[in-house]
Structures are given as structure tokens and as C-alpha cells.
*Asks:* 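I am attaching a structure below and will ask some questions about it afterwards.
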Amino acid sequence: MDKNDHRDAVRREAFAAPVFLIDGSSYLYRAYFAIRQDLTTRSGFPTKAVLGVTNMLWKVLREKDPAYVAVAWDAKGPTFRHGIYPDYKVNRPAMPDDLQLQVPRVREVVEALGLPQLEVPGYEADDIIATLVERLRDHPVLVVSGDKDLQQLLGPRVTLWDPMKDEVLDLEALRRRTGLDPERLRDVMALSGDTSDNIPGVPGVGPKTALRLIREFGSLDRLLERVDEIPQKGLREKIRAAAGDLPLWRRLVTLATDVPVPGEVEAYRRRPPDTERLRALFQELGFTRLLREMVPDQRIDEAAYEVVRDEAALRDWAERARRAELLTLDTETTSEIPMQARLVGISLCITPPAAAYIPVAHDGAGPQLSLERVIEALGPVLADPDVPKLGQNIKYDRIVLARHGVELRGIAGDTMVASYLLDPSRRRHNLNDLAQEFLGHTMTTFKEVTAGQTGRPDFRKVPVEKAAAYACEDAHATALVHERLVPRLKEHGLWELYREIEVPLIEVLARMEMAGILVDAEGLDRLADEFAERLAALEQDIHRAAGTPFNVNSPRQLSEILFDRLKLPKGKKTRKRTAASTDVEVLTELAERHELPALVLAYRNLAKLRSTYVEGLRRMIHPETGRVHTSFNQTVTATGRLSSSEPNLQNIPVRTEEGRRIRALFRAAPGHVLLSADYSQIDLRVLAHYSGDAALLAAFRAGADIHRRTAAEIFDVHPDLVTPEMRRVAKTVNFGIIYGMSAYGLAKELRVPQKEAQGFIDRYFARYPGVRRYMEETVAAAREKGYVTTLLGRRRYIPDIGARVRSVREFAERTAINAPIQGTAADIIKLAMLRVDEALRASASRAAMLLQVHDELVLEVPAAEAAAVARVVKERMESVMELAVPLVVGIGTGPDWAAIEKNG
DNA sequence: CGTCGGTCGTAC
DNA sequence: GACGTACGACCGACGT
């Protein structure tokens with residue numbers, strides 16, 4: 001120990017531990033007003049003030065580690081100052097509602113942090129702090145505040161600290177800065193007044209003058225005695241006029257030292273934080289950074305993990321799995337694509353934390369059971385529908401296992417799907433994020449476990465012990481996360497949707513993906529050749545028309561040619577306004593003035609078909625099955641729809657003749673036909689149901705052509721007199737309604753003046769008043785609750801519904817209107833998929849469901865069964881739910897997807 | 001050489 | 001700024 005250390009030790013001995021007196025209310029307000037943007041949880045609960053105060057407290061605790069703390073709060077309601085001056089703070093607006101809401105949360109955080117807090121009726125936080133400064137005479141005090149009023153408390157053992165600005169003010173610094181002792185500051189404040197507290201002071205005297213006067217005269221009392229000595233006449237008269245009130249102003253700015261609070265320092269000893277409560281609070285409030293920094297990782301007990309390497313252990317685990325109330329499983333494989341993956345190992349978790357890893361294909365890893373033997377022992381349990389299974393994205397494991405000869409049955413839960421239902425707008429539902437958020441546990445990543453490998457990461461190369469820890473942790477964490485999510489699903493009314501629709505759907509989707517759809521590879525190759533030739537020719541024409549070669553695929557280069565070189569008039573800017581747009585609308589307009597735009601449009605059409613569809617699809621044909629196996633993603637869209645990727649089979653062209661040539665390459669297997677069944681106008685029917693609009697209900701109940709009927713309404717003609725043009729307009733209006741379109745958008749779409757478009761919208765709402773009412777009620781409900789729901793309780797949060805920026809708010813309103821309609825349609829077709837699947841399985845039909853395209857199901861059916869299956873599918877789809885209007889399904893069969901003619 | 005935002009275009 | 005939900009190709013800037 002050198003001399004300095006020794007001196008510090010002596011000093012620590014000599015001085016009692018400092019007491020931190022924290023002005024909670026000043027930080028509450030500062031956080032609220034200093035941060036401009038609105039911070040909320042996903043569900044719309046305001047969090048800005050809670051976050052600000054928590055950050056400040058965390059900084060204090062982290063940097064100073066105080067032993068004694070008191071957090072002081074302003075009392076609600078009037079204080080003693082109102083008693084002596086009724087106008088005190090009279091022009092201060094009431095605490096904003098969204099700040100008021102946060103106060104209990106702030107208090108909970110402070111409590112959970114283990115910090116004693118004080119709120120005394122009739123007093124402000126400043127008074128509590130002043131009283132404690134007075135009472136705790138034997139202790140140094142650090143007043144933590146950003147409020148200047150507290151400078152009057154400075155003294156030999158009292159220092160002021162603002163952790164947010166990191167400014168320290170002590171007695172000496174104050175004297176240097178003002179030339180006054182702290183207790184004289186109240187004289188200065190009495191003179192200058194305080195507008196925010198509605199203390200007028202001396203009109204015309206600000207802080208500068210007040211400070212000078214007190215410095216010159218020594219105190220307010222001396223000033224009042226010798227007011228005649230003030231040289232400036234104006235100032236003298238002002239002070240004379242205010243003299244009678246100044247003692248009152250001084251009483252108001254003087255802090256009370258008689259607040260009834262404990263005077264013993266032990267009352268303010270800091271307690272250990274309640275980490276579980278903090279974890280729950282921070283999770284609820286979405287404070288992920290603080291969660292990471294402040295709350296220690298929840299320990300996951302790895303001691304209970306076991307590697308299964310021999311027959312006895314395998315049998316033991318198979319037997320325990322058979323009796324499991326919920327068997328969590330996870331497969332380790334060679335690929336993220338389940339149709340290509342080979343099994344490397346399986347982890348199981350039955351009762352957390354007990355978990356096992358069964359390696360089957362690790363490289364040079366010591367004793368290891370064979371895949372065949374593991375399947376033999378475990379297969380029956382996995383295939384037993386009465387043993388409930390849980391996984392994270394268990395559809396993946398379901399497919400991998402099936403491809404290894406194991407039919408996984410009894411899927412009872414999936415954490416990815418559960419998380420999705422709780423907040424479908426959330427970006428990531430992967431296990432690592434879920435464990436972090438719901439368990440406060442940081443998982444080992446795949447990257448970490450395969451670190452050090454050269455080339456493409458390969459799980460087979462991971463040493464078994466390391467792989468076991470990783471794989472068991474996955475199964476274990478999945479089980480724990482599910483335990484946390486289930487109560488939330490129940491609380492939010494999502495449990496039935498989860499158990500009865502989304503979870504059973506996993507199995508159906510897995511079988512659809514495995515079935516795949518036959519695509520004519522030779523046909524694609526022929527199209528590729530044809531398109532290549534035509535594209536080359538077009539490219540030459542384009543370069544000739546442009547007068548120079550350039551990359552036609554580059555909007556930026558094209559924009560230079562069109563607008564700089566050829567001096568064509570610029571249309572709109574792009575969405576981000578970084579360049580002049582060259583989209584189809586602009587090019588169509590320009591086509592009247594130059595030959596180039598039309599050529600580019602033709603090029604773009606063909607290039608899109610070639611790159612996205614011909615080449616994209618060709619790459620996706622599975623080498624073994626010769627079919628295309630898309631992924632149906634169940635946890636992606638914000639509304640509840642499925643999405644499809646790798647490849648996306650939900651946007652195969654249909655509108656143009658050229659596009660339908662691609663669609664025609666989707667074929668039925670030999671001896672089969674493709675059957676397509678689609679809901680007619682499902683979105684508008686859902687709207688009719690929700691709105692209860694009499695005219696809309698009547699139209700659908702009458703089986704009318706809804707676009708024709710709408711045209712008749714908005715053009716005020718008999719339905720028989722509706723022209724194709726009128727019907728087209730009405731159709732656009734109908735779609736626009738569902739998306740919340742404006743007159744501007746409709747005008748652009750229809751290429752009519754905005755005034756005319758507004759006329760269509762006005763007449764629409766006049767004829768369908770229930771629709772307008774529904775929209776208003778939906779937006780109001782979103783504002784009220786922060787979310788909207790579908791018919792089956794699916795929820796979507798609309799956090800921006802109260803945004804102050806109009807465009808943001810209006811976008812949220814359109815979202816709120818659209819989500820229940822689109823989402824309910826999604827509910828309906830998901831339910832239909834389950835019912836159709838049940839019917840097919842019950843009938844022992846060989847038909848297989850292949851695709852879902854939002855309102856359409858595509859099946860592959862043995863030709864002989866076509867008529868019977870069509871009847872069953874139509875019947876099941878139409879009876880899936882009883883709405884206020886009938887659900888109508890159009891159905892047809894054909895040799896390929898383009899050749900299907902629909903009829904009722 | 002990979003990542004990522006921007007633009008464009010396909011579907012419902 | 002102005003029509004909701006997706007996926008994906010291509011370009012080009014940027015970072016390794």
C-alpha cells in the first residue's frame with residue numbers, strides 16, 4: 001500500500017458513507033420533456049419517462065455504488081405553499097396523461113432497484129431533500145438533481161450532482177460563481193421570481209439584476225432596509241412597489257426542513273435489487289438494453305445435460321419420453337433447408353432442466369449410436385400422437401424427421417408460433433431472441449459453436465460434448481420459453497387460436513411443403529431460351545433508341561438517359577426522393593413522346609419473368625423429387641396471412657398472357673389433375689360481416705356481382721345498365737376501401753381528376769353508410785386499446801395510431817382498418833385448410849393439398865377422384881364459419897395451374 | 001466479396 | 001404524403 005492508498009483509506013474511515021438524495025420528480029419531468037420522440041412499448045404504453053429515470057438511476061448506481069439512497073417525489077395535490085399563496089404554480093398545466101400513466105411504473109422500478117423512496121403529502125421533493133440534508137448532519141450528502149433551486153442546500157458536506165450532464169457543484173464553486181453563500185440564493189430567487197411556479201418576484205428584475213443587488217447589499221433584508229440607496233430610479237421604484245410581497249416570495253422559494261420523514265440514516269440503506277421483478281418490469285417495458293446491462297443472466301443449469309451414447313441410455317430416454325407430459329425436441333442437421341437436411345443429432349427435454357443429446361452423425365466423436373438404432377428406439381414415441389411435442393419452428397424438425405422415416409405426430413406447441421401470435425409485427429421470433437427477452441438468458445449461437453471451422457459451417461464437425469451443450473440448451477430453453485408464453489397467450493385471448501388453428505396448421509403446412517408441386521423443367525428451359533433471345537433483341541433496340549449502350553436493369557442509368565440525355569420531362573420522384581422515378585406509371589406516360597420508354601417496359605416485363613420466375617424456379621427444383629418445395633412461413637406477416645418463400649409461390653404471374661405461360665408449367669403429376677378452390681370476394685364479405693351494412697349484406701345475400709352492384713350504387717343506375725367501364729371503376733373503389741385509399745390514390749389509379757375520385761368515395765359511403773361507421777369504430781378502437789383484432793382474436797398492435805405526424809398517424813389508421821379484414825380472411829382460410837385436410841384424411845383420398853395463395857387452395861388429385869374431392873373441398877371451405885353473408889367458393893380442375901376454369 | 005438500402009414488379 | 005400484405009431481383013454504396 002503506497003502513501004496515497006493509505007491516505008484514501010484513512011479518509012474513508014474518517015468520513016461516514018455519503019447519502020444520495022435523489023430528486024425523482026425533476027428527472028421524471030426532464031425525461032418526459034427532453035426526449036422529443038414518443039417512446040412506447042409495442043402495445044403502445046408510454047415509456048419515455050420510465051426509461052429516462054431508470055437510465056439516470058442506473059448511472060448513479062453504476063458509477064457511485066451508494067450505500068444510502070433516498071429518492072424523493074413531489075406529493076400529488078396541493079402543498080403547504082398553496083396554503084400560504086393560493087396562486088402557487090397556478091399556471092402550470094396538469095401532468096400530461098401519458099406521463100401520469102408512467103408514474104406507478106417508475107415507482108415500481110425504484111422499488112425493485114432496492115432504493116428507499118419518499119413521498120409526503122403537502123410537500124415537494126425539494127422539501128424532502130432539504131429536510132434530510134438538515135437531519136442527516138453526520139453524513140456527507142450528494143444531492144442528485146438537475147434543478148437549480150437545490151443550490152441553496154450546498155454546504156461543507158453537501159454537494160450537488162447532475163448525473164445526466166455530469167456536472168458537480170460544491171460550496172466553493174457556488175461562491176466563486178455567484179459570490180454568495182447558498183442561503184442567500186433564496187433572496188435572489190425571491191427578487192427574480194419564477195414563472196413556472198407563478199412567483200412574480202419584482203417585475204423587470206431578472207436573475208442577473210437580482211444577483212447583483214444581493215451581492216451589493218448582502219441580503220434581501222438589508223436591501224429592503226436601504227432601498228433608497230439603489231442608484232437607478234426605475235429599479236428603486238420597482239423594488240419599493242414589490243417590497244410588501246417580497247417576504248412572501250422568499251417564503252415560497254425557501255425549502256421546508258420540517259417534513260415528517262425518518263431522521264436516522266439506516267432508514268435509507270440501499271437494499272439488494274429484486275432482479276426477478278426488474279426482469280419482469282424491463283421485459284414488459286421493452287427495455288432490452290437495460291435488461292442486458294442491469295439484470296444478471298438467468299442461469300440455465302447445464303449440469304443436467306446428458307449425452308446419450310449407448311443402448312441403455314437410449315432406452316431410458318425413450319421410455320421417459322413416452323411418459324412425458326410435453327416432450328421438447330430439437331434436431332441438429334446439415335442444412336437450414338429441411339428438404340435437404342441430414343440428421344446429425346437430436347436433443348430432448350422432458351422436465352427442465354433435464355435434457356439429452358443423441359448424436360448420430362458426428363465426425364470422429366467416440367461412441368455414437370447409429371441413426372437406424374435411434375430411429376428404431378425413438379421413432380414410436382415421436383410418431384405417437386398421444387405424446388405431445390413442443391419445438392421451436394417444429395415444422396422444420398417435422399420435415400427433417402419425415403425425410404428420415406420418422407412421422408412426428410402430436411405437435412402440441414411451437415415457441416416461434418406462440419411468439420408470433422403475441423406480436424405478429426415483431427421482426428424476429430428466433431429462439432435466441434426469445435430466450436433473451438423472456439428468460440433473460442443469452443444463448444450460445446450457432447456461429448459460436450461452429451467457430452474455428454474452415455469453410456462452410458458444419459455441425460458434424462462440432463465435438464459431441466460441445467454440440468450436446470448447445471443442442472440441450474436449445475431444447476431446454478424452448479421448454480422454458482413456452483412456459484412463459486402460454487400464460488400470456490391465455491391472458492391475451494390467443495390460446496384457442498394457438499391451440500386450435502395455428503398449432504394444428506403446422507402439420508398441414510409441413511405436409512404441403514414435403515409434397516411440393518411439379519414444375520415442368522424442360523418447359524422452363526425452353527422459356528429461358530426464348531426470353532433470352534427476345535431480351536437480347538430488345539436490349540439492342542433500347543441502346544439504339546437511347547443512342548448509347550447502358551445497363552437497362554439500372555433505374556439510375558435509365559433515368560440519366562431519359563431525363564438528362566433525351567430531356568424527357570421528369571415525372572414524380574421515387575419514394576425516398578433520391579432520384580426521378582422510372583416506374584411503369586412514368587414510363588407509360590413518356591411512351592407518347594419517345595419510342596424508348598415502351599421498349600424499356602417490354603424489356604422489364606420479360607426480364608422480370610426470366611430472372612424471378614424462369615430462372616428462380618428452375619433453381620428451386622429439388623434434385624430428388626423433381627418438384628418445387630416452397631416454405632410456407634407462419635410467423636412473418638403482420639396480419640396473420642401465410643407467406644411463401646424459396647421460392648415464393650404466392651406471386652406466380654396470372655394477369656398477363658406471357659405470365660400465364662409460366663403458370664402453365666405448374667403441372668399435375670401423371671394421372672392427376674390440379675384442383676384450385678378460391679374464396680370469392682372474401683375481403684369484401686368480411687367487410688360486410690363486420691360493418692353490418694344493409695346494402696352490402698343484401699348484395700352478398702342476393703348473390704349479386706358485387707362490383708356491378710357497387711357501380712350501380714355509385715353511378716346511380718340500374719345494375720343492368722352498368723357498363724364494363726363503370727364496373728372497372730367500382731372494382732377499384734371496392735379494393736381501395738379495404739386498403740383505406742384516399743381520393744388522391746383513387747384518382748391516380750383511375751386516371752381521373754381527384755375531384756371525381758372524391759365523388760366516387762362520397763357516393764360509396766353515402767350508399768354504404770355502415771362501412772364508414774365500421775372504419776371509424778375500428779380506428780377508435782385502435783386508439784382506445786392500442787391494437788385491433790380479427791374475428792378469431794388474432795391481434796395486431798398499432799403503436800403509431802396516436803402519432804403527431806399526420807402521415808405516420810394516417811398510415812396507422814389505414815393499417816388499423818385493413819388488418820382485421822385481411823386478418824379475418826386469413827383466419828378463415830387457415831381454418832379451411834384444417835377442415836379440408838381432415839376431410840381428405842377421413843376419406844382416405846389420395847389428394848394432397850399443395851399450395852395456399854391467401855384466398856385460394858391448390859390440390860393435386862388423382863383424376864378419378866376429381867369430382868368427389870371438388871365437392872368435399874367446396875363444401876368444407878364454404879361451411880368453415882358462419883358469417884352474416886355466405887362464403888362462396890369457386891372451384892375447378894385442370895392439367896396445369898393456368899388451365900383451370902372456375903365454376904361454382 | 002458480403003451486406004444492406006433503394007427501386008421496381010409480381011401476387012392477393 | 002397520398003393503397004393494405006408479402007418476396008425477390010438487381011443495382012450500387014459501403015465495409016472487410
Side-chain angles (χ1 to χ4, degrees), chain A residues 424-425 550-559 572-587 600-601 603-617 619-620 630-633 636-656 658-660 662-663 678-684 687 732-750 754 757-758 761 788 796 798 805-823 825-826 829 851-856 897:
Chain A
S425 303
F550 69 101
N551 183 350
V552 188
N553 287 320
S554 165
R556 230 178 78 169
Q557 292 181 32
L558 176 63
S559 151
K572 59 193 174 177
K573 297 283 191 71
T574 56
R575 205 167 51 83
K576 294 272 177 186
R577 296 184 307 287
T578 50
S581 173
T582 65
D583 69 11
V584 64
E585 189 194 336
V586 172
L587 293 187
V600 172
L601 285 173
Y603 178 93
R604 282 215 182 133
N605 276 330
L606 221 49
K608 172 80 174 175
L609 292 178
R610 179 173 68 158
S611 65
T612 303
Y613 298 105
V614 177
E615 289 176 353
L617 271 175
R619 277 198 297 274
M620 300 304 301
T630 184
S631 289
F632 284 110
N633 314 304
V636 170
T637 74
T639 53
R641 277 184 175 181
L642 297 176
S643 82
S644 158
S645 60
E646 293 177 349
N648 180 0
L649 295 186
Q650 290 179 325
N651 70 347
I652 300 302
V654 68
R655 288 168 196 181
T656 65
E658 213 82 82
R660 282 193 291 274
I662 286 163
R663 186 167 278 236
D678 67 341
Y679 280 113
S680 156
Q681 306 299 345
I682 188 155
D683 287 351
L684 288 172
L687 177 63
T732 306
V733 172
N734 273 332
F735 278 115
I737 290 298
I738 291 164
Y739 302 148
M741 196 194 295
S742 63
Y744 173 88
L746 185 62
K748 225 170 54 162
E749 181 72 26
L750 292 173
Q754 195 168 323
Q758 187 61 55
I761 291 174
V788 291
R796 177 175 182 180
I798 314 285
V805 178
R806 181 157 58 127
S807 58
V808 174
R809 184 179 62 249
E810 287 179 343
F811 183 66
E813 289 171 358
R814 292 194 295 275
T815 306
I817 290 167
N818 175 262
I821 298 173
Q822 195 180 112
I829 194 154
L851 303 179
Q852 187 255 46
V853 193
H854 310 311
D855 64 356
E856 174 187 14
W897 199 6

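Chain A is the first sequence line, chain B the second, and so forth, proteins listed ahead of strands; every chain is numbered from 1.
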*Asks:* So if I take every side-chain heavy atom of A/T582 and compare against C/dC11, B/dC8, B/dG9, which nucleotide ends up nearest?
*Replies:* B/dC8

*Asks:* Atom CD1 of A/I829 to atom P of B/dC12: distance rounded to whole Å?
*Replies:* 12 Å

*Asks:* Write down the distance separating the C1' atoms in B/dG9 and C/dG1, rounded off to the nearest Å.
*Replies:* 22 Å

*Asks:* Return yes if some donor-acceptor pair links the side-chain N/O of A/S631 with the main-chain N/O of A/N633 below 3.5 Å, else return no.
*Replies:* no

*Asks:* Could you work out which one of C/dT5, C/dG1, C/dA13 sits closest to the side chain of A/S807?
*Replies:* C/dG1

*Asks:* Would you say the side-chain atoms of A/R663 pair up with the backbone N or O of A/I652, donor to acceptor, closer than 3.5 Å?
*Replies:* yes

*Asks:* Separation of A/I817 atom CD1 from C/dA2 atom P, in whole Å?
*Replies:* 15 Å

*Asks:* Looking for any heavy atom pair under 4.0 Å, which part of the strands does A/R796 touch: base, sugar-phosphate only, or nothing?
*Replies:* sugar-phosphate

*Asks:* Should A/F632 and A/Q650 be marked as a side-chain contact (heavy atoms from CB on, under 4.5 Å) after you check the CA-CA gap, both sets of side-chain angles, and the distance that decides it?
*Replies:* CA-CA 10 Å; A/F632 284 110; A/Q650 290 179 325; 4.2 Å; yes

*Asks:* Categorize A/N818 for me: base, sugar-phosphate, or nothing, with a 4.0 angstrom heavy-atom threshold over every strand shown.
*Replies:* sugar-phosphate

*Asks:* Counting only side-chain heavy atoms from C-beta out, which of B/dG9, C/dG4, C/dG12 sits nearest to A/R814?
*Replies:* C/dG4

*Asks:* Provide, to the nearest angstrom, the distance between the CD1 atom belonging to A/I737 and the P atom belonging to C/dA2.
*Replies:* 18 Å

*Asks:* Could you work out which one of C/dC7, C/dC3, C/dC11 sits closest to the side chain of A/N633?
*Replies:* C/dC7

*Asks:* Answer with base, sugar-phosphate or nothing: what part of the nucleic acid does A/Q557 contact at a heavy-atom distance below 4.0 Å?
*Replies:* sugar-phosphate

*Asks:* Looking only at N and O atoms, is any donor in the side chain of A/E646 or the base of C/dC7 less than 3.5 Å from an acceptor on the other one?
*Replies:* no

*Asks:* Calculate, to the nearest 0.5 Å, the distance between atoms CD1 and CD1 belonging to A/I738 and A/I821 respectively.
*Replies:* 6.0 Å

*Asks:* With a non-hydrogen cut-off below 4.0 angstrom, is A/A638 in contact with a base, only sugar-phosphate, or nothing?
*Replies:* sugar-phosphate

*Asks:* Measure from the side-chain heavy atoms of A/H854 and tell me the nearest of C/dG8, B/dC12, C/dA13.
*Replies:* B/dC12

*Asks:* Rounded at 0.5 Å granularity, tell me how far CG in A/N553 sits from OH in A/Y603.
*Replies:* 4.0 Å

*Asks:* Roughly how far apart are A/S643 OG and A/N651 CG, rounded to 0.5 Å?
*Replies:* 10.5 Å

*Asks:* With both distances under 3.5 Å as the test, what is the Watson-Crick or G-U wobble partner of C/dC3?
*Replies:* none

*Asks:* Nearest whole angstrom, please: distance from the P of C/dG1 to the CZ of A/F811.
*Replies:* 14 Å

*Asks:* Hey, does A/N605 reach any base, or is it just sugar-phosphate, or nothing, if we go heavy atoms under 4.0 Å?
*Replies:* sugar-phosphate

*Asks:* So, does A/N551 get its side chain near the phosphate of C/dC11, meaning an N or O under 4.0 Å from OP1 or OP2?
*Replies:* yes

*Asks:* As a test of reading the structure: which of C/dC11, C/dA6, B/dC12 is closest to the side chain of A/Y739, going by heavy atoms?
*Replies:* B/dC12

*Asks:* Atom OH of A/Y603 to atom P of C/dA9: distance rounded to whole Å?
*Replies:* 16 Å

*Asks:* Could you please name the option among C/dA9, B/dA11, C/dC11 that lies closest to any side-chain atom of A/R655?
*Replies:* B/dA11

*Asks:* I want to check one thing: is the phosphate of C/dA13, taken as OP1 and OP2, less than 4.0 Å away from some side-chain N or O of A/R556?
*Replies:* yes

*Asks:* Across the strands shown, which category fits A/R660 at heavy-atom distances under 4.0 angstrom: base, sugar-phosphate, nothing?
*Replies:* nothing

*Asks:* A/V654 has a side chain; which of C/dC7, C/dC10, B/dC12 sits nearest to it?
*Replies:* B/dC12

*Asks:* Can you figure out which of C/dA9, B/dG9, C/dC3 approaches the side chain of A/R604 most closely?
*Replies:* B/dG9

*Asks:* Whole angstroms only, please: what is the CZ-C1' distance between A/R641 and C/dA6?
*Replies:* 7 Å

*Asks:* Choosing from C/dC3, B/dC12, C/dT5, which nucleotide comes nearest the side chain of A/D855?
*Replies:* B/dC12

*Asks:* Give A/Q650 one of three labels, base, sugar-phosphate or nothing, depending on what nucleic acid heavy atoms sit under 4.0 Å from its own.
*Replies:* sugar-phosphate

*Asks:* Using atom P of each nucleotide, how far apart are C/dC3 and B/dG5 to the nearest Å?
*Replies:* 25 Å

*Asks:* Do any side-chain nitrogens or oxygens of A/S643 fall under 4.0 Å of OP1 or OP2 in C/dC7?
*Replies:* yes

*Asks:* Across the strands shown, which category fits A/L746 at heavy-atom distances under 4.0 angstrom: base, sugar-phosphate, nothing?
*Replies:* nothing

*Asks:* If you assign A/K608 and A/G740 each to the DNA chain C nucleotide with the nearest heavy atom, which residue ends up on the more 5' nucleotide?
*Replies:* A/G740

*Asks:* Quickly work out the A/I821 CD1 to C/dC3 P distance and round it to whole Å.
*Replies:* 16 Å

*Asks:* What is the distance, rounded to the nearest whole Å, between atom CG of A/N553 and atom C1' of B/dG9?
*Replies:* 12 Å

*Asks:* To the closest 0.5 Å, what do you measure between CH2 (A/W897) and CZ (A/R660)?
*Replies:* 13.5 Å

*Asks:* Measure across A/Q852 and A/I829 and return the closest heavy-atom pair with its distance rounded to 0.1 Å.
*Replies:* NE2-CG2, 3.4 Å

*Asks:* Does the side chain of A/S554 get closer than 4.0 angstrom to OP1 or OP2 of C/dG12 through an N or O atom?
*Replies:* yes

